[in-house]
Amino acid sequence: MKKIVILISGRGSNMEALIAARDAGNLPVDIAAVISNRPDAKGLETASKAGIATHYIDHKAFAGREAFDAALAECIDGFVPDLVVLAGFMRILSEGFVRHYEGRLMNIHPSLLPSFPGLHTHQRALEEGVRIHGCTVHFVTPTLDHGPVIIQAAIPVLDGDDEDALSARVLRQEHLIYPQAVRWFAEGRLTLEGARVRLSAELDGRAALISPLLR
Ligand code: GAR
């Protein structure tokens with residue numbers, strides 16, 4: 001079974017969705033550890049209650065990005081994961097760190113990338129007046145919120161939407177597509193071909209967790 005390490009910075013609802021999918025038998029992975037850069041991340045408590053090893057490495061205790069990333073990588077590598085899952089991990093990662101995990105570092109972002117990388121994605125989507133918004137799971141490259149797309153979910157922006165309403169609807173989709181993406185990885189179905197991700201056919205004929213139309 002593939003081993004994953006999840007990195008968080010706060011609430012950890014995507015992490016919870018991964019744990020729930022695993023517990024429901026829909027995600028055949030061993031969640032070896034949850035690591036936060038913030039000691040007070042609420043998700044650490046949730047993970048610990050679920051019986052998962054937790055760690056925090058406070059980025060404020062390090063002189064620079066490289067030093068923090070080196071300590072983080074050492075902690076991660078202690079678990080020998082097949083995949084590192086960024087689930088609301090709000091730190092820019094150094095190029096060396098990203099290269100070290102090339103092809104085995106996934107991120108979820110609350111927009112239809114390449115639109116709206118960075119922060120305040122829902123507010124910016126409303127300001128731009130886009131009609132379709134959503135979320136993306138992608139392999140990570142050294143460029144912020146960029147990389148080969150594994151899965152996206154799109155939702156309509158409704159006339160009465162404010163930032164809270166829109167982010168809540170996108171978050172519900174995040175909780176569906178992240179377990180799906182990690183499951184595809186765990187099943188060995190994802191192949192990187194340059195800037196694109198190819199999804200191979202199911203080997204055992206079971207239906208995907210969610211509609212392939214969302215891919
Ligand atoms: C999620 O919406 C995730 O997509 C976003 O942070 C939130 C974390 O929520 N990530 C990014 O913006 C990465 N650029 P969670 O802690 O409840 O999973």
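Just follow the structure's listing: the first ligand is 1, and inside any ligand the first atom is 1. Position 1 is the first residue of the sequence; numbering continues from there.
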>> Go through it in stages, so that I can follow the logic: the residues are N37 and L72, the test is side-chain contact (heavy atoms from CB on, under 4.5 Å), and I'd like the CA-CA distance, side-chain angles, deciding distance and then a yes or no.
In response: CA-CA 9 Å; N37 63 309; L72 180 61; over 6 Å; no
Would you mind checking which non-hydrogen protein atom is closest to [atom], with the distance to 0.1 Å?
atom                    : answer
atom 10 (N) of ligand 1 : I108 O, 3.5 Å
atom 9 (O) of ligand 1  : R11 NH2, 3.1 Å
atom 12 (O) of ligand 1 : P110 CD, 3.3 Å
atom 15 (P) of ligand 1 : S13 N, 3.3 Å
atom 4 (O) of ligand 1  : E174 OE1, 2.7 Å
atom 16 (O) of ligand 1 : G12 N, 2.7 Å

> What closest approach, in Å, do I150 and W184 show between heavy atoms, and which atom pair accounts for it?
Replying inline: O-CZ3, 3.9 Å
>> Taking 4.0 Å as the limit for heavy-atom contacts, which would you say applies to D145 with ligand 1: side chain only, backbone only, both, or neither?
In response: side chain
> Would E16 count as a contact of ligand 1 if the rule is a heavy atom under 4.0 Å away?
Replying inline: no
> Can an N or O of G88 be found at a distance shorter than 3.5 Å from an N or O of ligand 1?
Replying inline: no
>> Which residues pass the ring-ring contact (aromatic ring centres under 6.0 Å, His included) test with F62, not counting sequence neighbours?
In response: F68
>> Check D159 with R131, please: is the shortest side-chain N to carboxylate O separation under 4.0 Å?
In response: yes
> Is any NZ, NE, NH1 or NH2 atom of the basic residue among R124 and E128 found under 4.0 Å from an Asp or Glu carboxylate oxygen of the other?
Replying inline: no
> In a check of salt bridge (charged side-chain N to carboxylate O under 4.0 Å, His left out) between R169 and each of D161, D162, D164, which one passes?
Replying inline: D161
> Looking at CD1 of I155 and CG of L166, how far apart are the two atoms once the value is rounded to the nearest 0.5 Å?
Replying inline: 5.0 Å
